[in-house]
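Everything below concerns the one structure shown next.
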There are 2 protein chains.
Amino acid sequence: MGISERKERDKQEMRTKIIDAAISMFLTEGYEKTSIRNIAEKIEYSPATIYLYYKDKDELLYEVQRQAFEKLELEFHEKVTSADPMERLEQLCYTYVRFGKNNKEMYDLMFMMKAPMNCVEEDETWNNNTDSFDFLVKCLSDCMENNLLRFDNVMTAALSVWSMGHGLVSLDVSCRFKAMQMDETSINIAIEEAIGQYLKLIKA
Amino acid sequence: MGISERKERDKQEMRTKIIDAAISMFLTEGYEKTSIRNIAEKIEYSPATIYLYYKDKDELLYEVQRQAFEKLELEFHEKVTSADPMERLEQLCYTYVRFGKNNKEMYDLMFMMKAPMNCVEEDETWNNNTDSFDFLVKCLSDCMENNLLRFDNVMTAALSVWSMGHGLVSLDVSCRFKAMQMDETSINIAIEEAIGQYLKLIKA
DNA sequence: TTAAAATATAAACACTGTTTATTAAATTTG
DNA sequence: CAAATTTAATAAACAGTGTTTATATTTTAA
């Protein structure tokens with residue numbers, strides 16, 4: 001029965017073909033400005049064909065998000081290498097913010113896009129990013145077990161650290177730091193300073 | 001020459017009619033899902049008429065943002081009333097976060113929408129929100145002049161405080177706290193805790 | 001080789017923001 | 001007051017969107 005296996009391979013190949021085109025276009029043009037027709041044109045298939053492999057445009061986004069979170073997690077495992085818990089936390093924070101700044105469009109798809117989150121729904125779909133989040137929680141627990149942090153609740157700690165990191169990145173990604181009359185390099189410096197400062201503040 | 005004045009009044013009235021419809025629809029349905037045709041239908045005019053009063057859909061958004069920032073500033077002046085600088089900072093932080101949580105769709109238009117910021121352009125358009133930001137800077141300066149804060153640079157301080165506040169609100173608005181397996185009330189409590197915690201941390 | 005199943009697509013539907021040519025109304029001028 | 005002109009509103013069209021359906025085309029099974 002090699003035939004049905006080859007068919008399955010072909011199907012996966014096609015899905016990959018589509019998602020690769022989608023990724024590259026989402027990242028260069030953004031989600032909204034990328035149309036199914038454009039993706040279809042890029043892979044030289046008709047628009048309707050895409051709907052044989054993905055339910056709708058949102059499902060393309062979910063898959064892209066999945067891969068993006070994989071990439072973030074990989075970055076964590078590559079860059080958060082210290083044995084010292086506190087040093088690990090520092091590496092984690094800098095890695096997170098730099099990941100956002102180096103992959104702005106991707107960061108937008110992961111953490112800022114509101115459209116397909118659909119606050120209401122129950123969603124199996126959004127079991128994403130828990131890995132990365134768990135990574136943070138683990139790191140914070142390690143610090144707090146050794147009384148290295150001025151937090152008394154791990155979840156509040158995680159919420160705080162994440163919010164600080166996300167605040168810095170997302171205001172930058174959405175260009176809101178324009179409100180501060182500073183040039184780009186000054187802002188970049190200030191952002192790194194802010195992280196360092198924050199890390200000092202939360203140290204016990 | 002009362003005629004041209006009445007015409008000017010009529011024109012303003014029409015602009016108000018349009019923007020009021022736009023606001024209410026942006027806030028209930030969101031910017032993307034609100035169409036010019038829907039707005040036109042609501043005010044019982046043809047879609048093309050709107051273009052006689054506003055250049056395009058983005059210009060509607062800019063006007064809505066302007067009014068939203070006015071509302072935030074008003075809230076600041078209403079709720080940030082203490083004479084004590086440090087107490088003022090606390091009031092400011094809580095006011096900001098609660099404003100975001102009570103006006104999620106509006107907060108999205110103000111601080112999260114990427115579309116019409118157009119990072120590149122020079123924009124006179126985006127002289128918004130500087131008032132609110134200046135309010136924060138003033139508040140922080142007052143604190144720091146009295147050595148009440150563990151910051152040594154006002155701009156870094158402003159960047160940090162804003163990022164923390166924005167991080168908390170925007171992750172909530174965009175439903176990303178779903179990654180933490182917590183119910184809504186727990187998250188709301190944790191957010192308020194995080195602010196209190198942060199304020200303690202930055203106190204000298 | 002023919003019948004059946006899987007795959008791809010053209011065409012259509014109901015939308016979108018925006019522009020243009022046309023019509024209707026209000027105002028100014030002779 | 002009537003005619004000419006400016007102003008205001010719109011219908012219709014353009015080029016685009018996500019998505020569905022009915023129609024080929026190709027591949028597999030009998």
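Naming: A, B, ... by sequence-line order, numbering from 1 per chain. Bear in mind the structure is a predicted one, so any value in this text is a computation, not a measurement.
Side-chain contact of Thr185(B) with Asn188(B): a donor-acceptor pair under 3.5 Å is absent, judged by distance alone.
Partners of Lys138(B) according to the side chain to side chain contact (heavy atoms under 4.5 Å, CB included) rule, which considers only residues two or more places apart in sequence or in another chain, are Asp142(B). Among residues two or more places apart in sequence or in another chain, the side chain to side chain contact (heavy atoms under 4.5 Å, CB included) test is passed with Asp20(B) by Thr16(B). Contacts of Phe76(A) classified as ring pair (Phe, Tyr, Trp, His ring centres under 6.0 Å), with partners at least two apart in sequence or in another chain: Phe135(A). Under the rule for a ring pair (Phe, Tyr, Trp, His ring centres under 6.0 Å), the partners of Phe177(B) that lie at least two apart in sequence or sit in another chain are Trp162(A). Annotation: side chain to side chain contact (heavy atoms under 4.5 Å, CB included) contacts of Ile23(B) (sequence neighbours excluded): Leu27(B), Val64(B), Gln67(B). Residues satisfying the side chain to side chain contact (heavy atoms under 4.5 Å, CB included) criterion with Ala158(B), sequence neighbours excluded, are Phe133(B), Leu136(B), Val137(B), Leu140(B). Every ring pair (Phe, Tyr, Trp, His ring centres under 6.0 Å) that Phe26(A) has, sequence neighbours left out, goes to Tyr31(A). Residues that satisfy the salt bridge (Lys or Arg N to Asp or Glu O under 4.0 Å) test with Asp183(A), not counting sequence neighbours, are absent from this structure.
Below 30°, between 30° and 60°, or above 60°: for His166(B) and Tyr107(B) the angle between ring planes is below 30°, a parallel geometry.
Within the structure, side chain to side chain donor-acceptor pair (under 3.5 Å) contacts touching residues 77-89 of chain A (residues at least two apart or in different chains) are Ser82(A)-Glu87(A).
Atom CD in Glu59(B) sits roughly 15 Å away from atom P in dG17(C) (whole-Å rounding). Between the CD atom of Glu41(A) and the C1' atom of dG16(D) there is a distance of 13 Å, given to the nearest Å. When the P atom of dG16(D) is taken as reference, atom CD of Glu32(B) falls 19 Å away, rounded to whole Å. Nucleotide dC15(C) holds its P atom 14 Å from the CD atom of Glu29(B), rounded to whole Å. Whole-Å rounding puts the Ile39(B) CD1 to dG17(C) P distance at 8 Å. For the pair Leu61(B) CG and dT18(C) P, the interatomic distance rounds to 12 Å; values are reported in whole Å. The nearest whole Å value for the distance from the NZ atom in Lys11(B) to the C1' atom in dA26(C) is 14 Å. Rounded to a whole Å, the CG atom of Asp10(B) is 13 Å from the C1' atom of dT27(C).
Contact check, Asn38(B) against dC15(C): no side-chain N or O comes under 4.0 Å of OP1 or OP2. Taking 4.0 angstrom as the limit, Ser35(A) places a side-chain polar atom (N or O) nearer than this to OP1 or OP2 of dT17(D).
For a distance-only test at 3.5 Å, the side chain of Arg37(A) fails to qualify as a donor-acceptor partner of the base of dG16(D).
Taking the screw axis at each terminus of the helix from dT1(C)-dA30(D) to dG30(C)-dC1(D) from five consecutive base pairs, the angle between the two is 20° to within rounding of 10 degrees.
Within residues 14-27 of chain B, no residue has a heavy atom under 4.0 Å from DNA chain D. DNA chain C is contacted by Ala48(B), Tyr51(B), Asp56(B), Lys57(B) of residues 47-57 of chain B, taking any non-hydrogen atom closer than 4.0 Å.
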